[in-house]
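Take a look at the structure below.
Every chain is numbered from 1 and lettered A, B, ... according to where its sequence line falls, protein lines coming before strand lines. Quick caveat: nothing in here was measured; it's all calculated off a predicted structure.
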2 protein chains.
Amino acid sequence: MDEKDDRRTRKRLATRQSISDTATRLFLERGFDSVTIDEIAAAADVGRMTVFNHFPRKEDMFFDREEEIQALAFDAIRKRGPGVSPIEATRKLAHDLVTQDHEFVMLSGDTSWFIKTAMASEALKARAREMRDDFTRALAIVLADTSNQPTGDPNAHLAAGLIVSTWNVAFSEAQKLFDRTRDAGEAKRCFLAVIDRGTAGAAAALAKTAYA
Amino acid sequence: MDEKDDRRTRKRLATRQSISDTATRLFLERGFDSVTIDEIAAAADVGRMTVFNHFPRKEDMFFDREEEIQALAFDAIRKRGPGVSPIEATRKLAHDLVTQDHEFVMLSGDTSWFIKTAMASEALKARAREMRDDFTRALAIVLADTSNQPTGDPNAHLAAGLIVSTWNVAFSEAQKLFDRTRDAGEAKRCFLAVIDRGTAGAAAALAKTAYA
DNA sequence: ATCCCAATATATACTGAGTATATTTAAGGG
DNA sequence: CCCTTAAATATACTCAGTATATATTGGGAT
């Protein structure tokens with residue numbers, strides 16, 4: 001009863017999409033902080049409350065694909081091959097994403113406007129940190145779950161923390177390098193180098209546990 | 001000319017302390033989010049703008065010792081013994097803080113109200129995440145600096161990320177355990193166990209670099 | 001003392017995100 | 001064609017934070 005294909009649902013999604021598109025355009029034109037909700041509502045030709053109806057927080061209009069990213073990681077862990085540790089599965093995921101030039105890696109001129117716009121706003125950086133925390137918590141649960149360990153196992157939280165920290169550093173260092181050199185190949189090598197180092201560290205930390 | 005001991009400075013600091021004390025009391029009584037700046041100003045018998053004069057953000061009235069904590073860590077790294085790696089120095093710091101029951105470790109009933117109040121507020125959690133990020137960035141600089149590596153060395157950022165992540169998990173897991181068992185000794189052992197594991201991982205990740 | 005300067009405190013008015021609530025509009029289902 | 005309900009909207013509010021102008025008060029000089 002949730003994903004019905006009736007006109008009501010179509011209209012709701014159309015309205016949502018229209019707001020999202022309008023907001024994204026304005027954010028890129030003038031920066032996140034200097035666009036107000038009222039402007040977005042006016043530009044999308046909807047009432048102010050309709051905006052909050054679809055996006056409880058202003059930041060939700062910018063980060064609209066959190067769940068997809070989480071699902072990508074959790075799938076990689078859940079569907080890993082036999083004999084592959086969860087930590088190794090995250091390393092493999094990083095390499096796969098880079099070799100198939102996945103859009104989420106965003107090491108190209110096409111997508112770095114997204115990073116730049118996000119990094120220019122304290123509010124968006126705060127939301128990104130919150131998402132990172134939520135992801136870390138959820139990752140710990142998935143790790144424990146797929147390794148037959150009790151929920152809340154401290155080692156699962158340590159593993160999740162080290163992995164997320166590694167990915168975070170890998171992303172930001174690769175992005176910095178790309179900004180400096182405009183060389184996507186070099187940036188990708190940097191990304192994977194950090195991933196490999198960090199993952200090796202996580203594996204060492206979790207040696208003799210179910211996670212490595 | 002900054003830390004003059006004249007009456008003007010004494011009055012300014014007294015006003016600041018009065019606001020801080022009043023705010024802390026109200027936060028603990030009724031929770032951070034349900035205390036307004038106006039109430040704090042009224043209770044401290046100062047004008048509203050005076051509050052913002054001393055504390056640009058509401059959260060600054062709660063977290064008032066960020067610099068002390070950072071200095072503690074940076075001193076431990078800067079003043080480490082010869083032949084001690086920076087990563088090992090952070091491990092040693094953790095053990096020292098626990099054995100001398102330092103107030104910042106806060107694994108006792110006296111201080112956990114602080115954690116509880118902070119964790120009950122999204123705004124305070126967001127500020128804590130921001131402080132964590134700032135600290136990680138500063139730590140990377142100190143690590144590179146005291147290891148004669150170039151500023152911005154990716155390995156320094158990886159080391160900083162892994163260390164901070166480890167401490168973060170150690171704190172929260174120990175806190176959770178203390179809440180469950182009310183056994184400070186057990187909580188401390190958990191704290192140090194996570195620290196040792198995570199630090200070993202960081203050292204492994206940074207093997208053959210200047211940081212381990 | 002008294003005059004001047006600068007730091008601090010304060011008053012007033014504003015912006016903008018987010019909430020609460022009531023009302024209207026329009027789609028689906030009998 | 002009604003009836004129910006989801007979605008959109010209008011209005012009014014709270015509160016943090018900013019801008020700016022003014023008042024107060026301590027320190028330093030003559």
Report the distance from atom [atom1] of [X] to atom [atom2] of [N], rounded to the nearest whole Å.
{"X": "B:Arg12", "N": "D:dT24", "atom1": "CZ", "atom2": "C1'", "answer": "16 Å"}
{"X": "B:Leu13", "N": "D:dG26", "atom1": "CG", "atom2": "P", "answer": "15 Å"}
{"X": "A:Ile37", "N": "D:dC13", "atom1": "CD1", "atom2": "C1'", "answer": "17 Å"}
{"X": "B:Ile19", "N": "C:dT8", "atom1": "CD1", "atom2": "C1'", "answer": "11 Å"}
{"X": "B:Asp6", "N": "C:dA6", "atom1": "CG", "atom2": "P", "answer": "16 Å"}
{"X": "A:Arg10", "N": "C:dA26", "atom1": "CZ", "atom2": "C1'", "answer": "14 Å"}
{"X": "A:Lys11", "N": "D:dT5", "atom1": "NZ", "atom2": "C1'", "answer": "16 Å"}
{"X": "B:Glu39", "N": "D:dT14", "atom1": "CD", "atom2": "C1'", "answer": "12 Å"}

For C:dA9, take OP1 and OP2 only and decide whether either is under 4.0 Å from a side-chain N or O of B:Thr15.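 Result: yes.
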Is the phosphate of D:dC15 approached by B:Thr36 (side-chain N or O, under 4.0 Å from OP1 or OP2)?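 No, no such contact exists.
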Once you build an axis from the first five pairs and another from the last five of the helix from C:dA1-D:dT30 to C:dG30-D:dC1, how far apart in angle are they, to 10 degrees?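 Here the helix ends are tilted 10° relative to one another.
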At 4.0 Å (heavy atoms only), tell me whether B:Val51 reaches a base, stays on the sugar-phosphate, or touches nothing.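 No contact at all - B:Val51 keeps every heavy atom at 4.0 Å or more from the nucleic acid.
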Quick one: label B:Arg7 by what it contacts on the DNA or RNA (base, sugar-phosphate, nothing), any heavy atom closer than 4.0 Å.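 It contacts sugar-phosphate atoms only.
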Are [X] and [Y] close enough that a side-chain donor and a side-chain acceptor fall under 3.5 Å?
{"X": "A:Thr146", "Y": "A:Arg80", "value": "yes"}
{"X": "A:Thr24", "Y": "A:Asp21", "value": "no"}
{"X": "A:His95", "Y": "A:Asp196", "value": "yes"}

Looking at the base of C:dG18, is there any donor atom on it, or on the side chain of A:Arg48, that sits under 3.5 Å from an acceptor on the other one?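 Per atom types, the contact qualifies.
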How close do [X] and [Y] get, heavy atom to heavy atom, and via which atoms?
{"X": "B:Ile77", "Y": "B:Ala89", "value": "CA-CB, 4.3 Å"}
{"X": "A:Tyr211", "Y": "A:Leu143", "value": "CE2-O, 3.4 Å"}
{"X": "A:Ala118", "Y": "A:Phe62", "value": "CB-CE2, 3.8 Å"}

Using a strict 4.0 Å threshold on nitrogen-to-oxygen distance, state whether A:Arg127 and A:Glu130 make a salt bridge.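 The answer is yes: the pair qualifies as a salt bridge.
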Main chain of B:Arg16, side chain of B:Ser20: is a donor-acceptor contact present, judged purely on distance under 3.5 Å?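 Checked: no pair found.
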Side chains of B:Asp133 and B:Arg137 in contact at under 4.5 Å (non-hydrogen atoms):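 B:Asp133 vs B:Arg137: side chains touch.
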Neighbours of DNA chain D within residues 52-63 of chain A, by heavy-atom distance under 4.0 Å: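 Residues of residues 52-63 of chain A that come under 4.0 Å of DNA chain D are, in numerical order, A:Asn53, A:His54.
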Can you tell which of D:dT9, C:dT12, C:dG28 lies closest to the side chain of B:Met49?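 Within the option list, the nearest is C:dT12.
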For the rings on B:Phe135 and B:Phe74, is their centre-to-centre separation under 6.0 Å?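 Yes - the distance between ring centres of B:Phe135 and B:Phe74 falls below the 6.0 Å cut-off.
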Go nucleotide by nucleotide along DNA chain D from the 5' end; which of A:Asp45 and B:Val35 gets its closest nucleotide reached first?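 So the residue in question is A:Asp45.
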